[in-house]
Protein chains: 2
Amino acid sequence: MQHNLKKINSELNPNVSVDCVIFGFDLEQLTVLLIDRGEISSAFGPRLALPGNLIYDNENLDMAANRVLAELTGLKNIYLEQVRAFGDPDRIHKEADREWLKSIRAEPEARVITVAYYTLVPMSDYIPQAASFAKNADWVPVNLIKELAFDHYEILQAAKDKLKQKIKIQPIGFNLLPEKFTLSQLHRLYESILEKPLDKRNFRRKIQKLDILTSLREKQRGVPHKPSSLYEFNEEKYQELTQTGFDNFGF
Amino acid sequence: MQHNLKKINSELNPNVSVDCVIFGFDLEQLTVLLIDRGEISSAFGPRLALPGNLIYDNENLDMAANRVLAELTGLKNIYLEQVRAFGDPDRIHKEADREWLKSIRAEPEARVITVAYYTLVPMSDYIPQAASFAKNADWVPVNLIKELAFDHYEILQAAKDKLKQKIKIQPIGFNLLPEKFTLSQLHRLYESILEKPLDKRNFRRKIQKLDILTSLREKQRGVPHKPSSLYEFNEEKYQELTQTGFDNFGF
DNA sequence: ATAGCTTTGTGTCAATTTTACACTATCCAA
DNA sequence: TTGGATAGTGTAAAATTGACACAAAGCTAT
């Protein structure tokens, strides 16, 4: 066997990982999919972490993010957008994190930079109980998160910021909702992403003007108040819109 | 000597590099600072590349970008903003690039992901002739660039896009101008960043309303036309503005 | 000195967009 | 039937945008 400077394909690269910030929306608030790392770490610090892992030497970053996400949650073929790279050499400094890495990595002390991705999925795409292979992933309301493993809290904040920006430029929020939804739900969604209240009437007017909603002849049932009508997302118009691009959807 | 899995501090990390997109403005058009790689590569492909290099294992990415920039151009203490990571395993596929790497790197075949940064500097901060240590860096008008080494052309485009976005949200363009400048120069700057014409009167109106310019009692001299008055950038007001944040500076 | 070239600097009006704001309608539960 | 909850709706004032043209000031060449 020769000098092994040139790495074999399909070998893990000990220096580069990807982490995924998967946003959901429970119709009340923004949530994010986190991995419970279990007892090993709980004695020291936060049990929760973003789904992430080292990349292989022969895969590009986008593919790696997709693979890791699939491995940890079963979510497949999700379009993930890059947030940015995080590369503080000290980003893994908590004792619990070091311990945990020892249990799962060949080179736990290697310096790792990570590339963060984010995306939006309907929460129904991932249901914890049903995902047997999932390593204890679960949705957690973003507001309740006070700390995470490694520098994942910082990553989460960066992803939130990116999302805030993005939603002003593209109508991405729809990815978070079920097929049929109400304008109020959409309204709450925007408010929880932007973290500020939006005037109801003005919001509705603005959304309607985008002309990407199809009003269904259907209403909510069983709610203890006036039922709201349901809408669908008009994919065709949406495509047009993102093609031509619209500069300003400022809230 | 022991098994050397744990890397020594201050060792180059063969897997991670940084590249810097340094924008300037020659009062006519947007420019970018490129390194001439010289004859070694010219037989095969583009001689020009972004300033960049591998990071050390013990430095964070932002610091690495700053160090590399200083080493290659002498520019110091520049605030660099991250664009994103680029990690296609095939991003170094041109023959010329491989040859060049062999001449400067210990592990030329290692898979490298790179983290791109960008910033804006007044062109007067870097003057090629004066920089003896600089490895043939020079300003090149962005419009003239058709190809670059590695995937640097793609990186440049991504940096341009980021800049376009950013300038709609923050008045960063001022970093590119000399201390005293005219509104026409600022106008041209915005046009060349946004790559579209802007109505002169409307532009001026909008800028003035920001209230971050101080009109000097001074005019251009020696120009073969009506001299324009010079302005200074009012740092105090600017700070206020970025603090409070302004959502919409849409052109 | 003057004619010609070049760029600066300025205002208005119409159309659009934004903001602020309050009451009735509809369903369920008690 | 009443009370509680949320849905749904319009308008007027203010601010912003977009389109557009001409006189003023300096230099140069004659």
Side-chain angles (χ1 to χ4, degrees), chain A residues 26-29 167-169 171 177-178 180-192 194 196-232 241 244-251, chain B residues 26-29 167-169 171 177-178 180-192 194 196-232 241 244-251:
Chain A
D26 65 8
L27 303 188
E28 287 284 333
Q29 52 192 329
I167 206 171
K168 292 185 181 191
I169 297 182
L177 292 167
K180 299 173 181 182
F181 53 87
T182 72
L183 285 184
S184 294
Q185 290 166 349
L186 187 59
H187 183 202
R188 271 194 290 273
L189 171 55
Y190 271 76
E191 287 188 329
S192 54
L194 294 170
K196 70 179 182 194
L198 301 172
D199 181 85
K200 181 167 55 160
R201 282 185 282 199
N202 295 340
F203 175 81
R204 292 165 95 95
R205 169 157 32 105
K206 207 160 201 173
I207 289 289
Q208 308 259 24
K209 188 142 54 76
L210 284 185
D211 196 29
I212 50 175
L213 295 187
T214 309
S215 172
L216 302 175
R217 289 233 156 280
E218 198 180 343
K219 285 184 182 299
Q220 276 184 316
R221 310 219 63 193
V223 288
H225 54 73
K226 178 171 175 178
S228 65
S229 27
L230 294 168
Y231 288 82
E232 244 178 14
L241 201 55
T244 61
F246 62 116
D247 266 331
N248 209 358
F249 193 48
F251 282 101
Chain B
D26 64 9
L27 302 188
E28 288 284 332
Q29 53 193 328
I167 205 172
K168 291 184 181 190
I169 296 180
L177 292 167
K180 299 174 182 183
F181 54 87
T182 72
L183 285 185
S184 296
Q185 289 165 352
L186 188 59
H187 184 204
R188 272 194 290 273
L189 172 56
Y190 271 76
E191 287 188 328
S192 54
L194 294 169
K196 71 179 182 194
L198 301 172
D199 181 85
K200 180 169 54 162
R201 280 185 281 198
N202 295 340
F203 175 81
R204 292 166 96 96
R205 177 177 6 135
K206 206 160 203 172
I207 289 290
Q208 308 259 24
K209 187 143 55 76
L210 284 185
D211 195 29
I212 49 176
L213 296 188
T214 308
S215 171
L216 302 176
R217 290 235 156 279
E218 198 180 343
K219 287 183 181 298
Q220 277 183 315
R221 310 219 63 191
V223 288
H225 55 72
K226 179 173 175 179
S228 64
S229 26
L230 294 169
Y231 288 81
E232 243 179 15
L241 200 55
T244 63
F246 63 113
D247 266 332
N248 210 359
F249 194 49
F251 281 100

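The figures here come from the full heavy-atom set of this structure, side chains too, leaving out hydrogens, waters and symmetry mates. Protein chains get the first letters and strands the later ones, always in sequence-line order, with residue 1 at the start of each.
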task = May I have the step-by-step check of side-chain contact (heavy atoms from CB on, under 4.5 Å) for B:E218 and B:E232, ending in yes or no?
result = CA-CA 10 Å; B:E218 198 180 343; B:E232 243 179 15; over 6 Å; no
request  = Using a 4.5 Å cut-off on heavy atoms from C-beta on, say whether the side chain of B:R204 contacts that of B:S184.
outcome  = yes
Output one line per pair: protein atom, nucleotide atom from nucleotides 9-16 of chain D, and distance, for all N/O pairs under 3.5 Å.
residue : atom : partner : partner atom : Å
D:dG10  : O6   : A:R201  : NE           : 3.3

remark   = Shortest non-hydrogen pair, B:F181 vs B:L186, comes out as CE1-CD2, 4.4 Å
key: Distance, rounded to the nearest Å, where B:L186 contributes CG and C:dT8 contributes P   = 13 Å
request  = Provide, to the nearest angstrom, the distance between the NE2 atom belonging to B:H187 and the P atom belonging to C:dT7.
outcome  = 14 Å
remark   = What one should report as the nearest heavy-atom pair of B:N202 and B:D199 is N-OD2, 2.9 Å
task = Could you state the atom-to-atom distance from CG of A:L230 to P of D:dT6 in whole Å?
result = 17 Å
request  = For B:Q185 and B:L27, indicate whether the former's side chain and the latter's backbone hold a donor-acceptor pair under 3.5 Å.
outcome  = no
request  = Please state whether the phosphate of D:dG8, meaning OP1 or OP2, lies under 4.0 angstrom from any side-chain nitrogen or oxygen of A:S229.
outcome  = yes
ask   = When you check the side-chain N and O atoms of A:Q29 and A:S192, is any donor under 3.5 Å from an acceptor?
value = no
query = Could you go step by step and tell me if B:Y231 and B:I212 meet the side-chain contact (heavy atoms from CB on, under 4.5 Å) rule?
reply = CA-CA 10 Å; B:Y231 288 81; B:I212 49 176; over 6 Å; no
Those residues of residues 214-226 of chain A lying under 4.0 Å from DNA chain C by at least one heavy atom = A:V223, A:P224, A:H225, A:K226
key: Exam field: side chain A:H187 to backbone A:L198, donor-acceptor pair closer than 3.5 Å   = yes
inquiry  = Can you measure B:K168 atom NZ to D:dT17 atom C1' for me and round it to whole angstrom units?
reply    = 14 Å
message = Between A:S184 and D:dA7, is there a contact of a side-chain N or O with OP1 or OP2 at under 4.0 Å?
response = yes
request  = Can you tell me the distance, in whole Å, between the CZ atom of B:F203 and the P atom of D:dA19?
outcome  = 17 Å
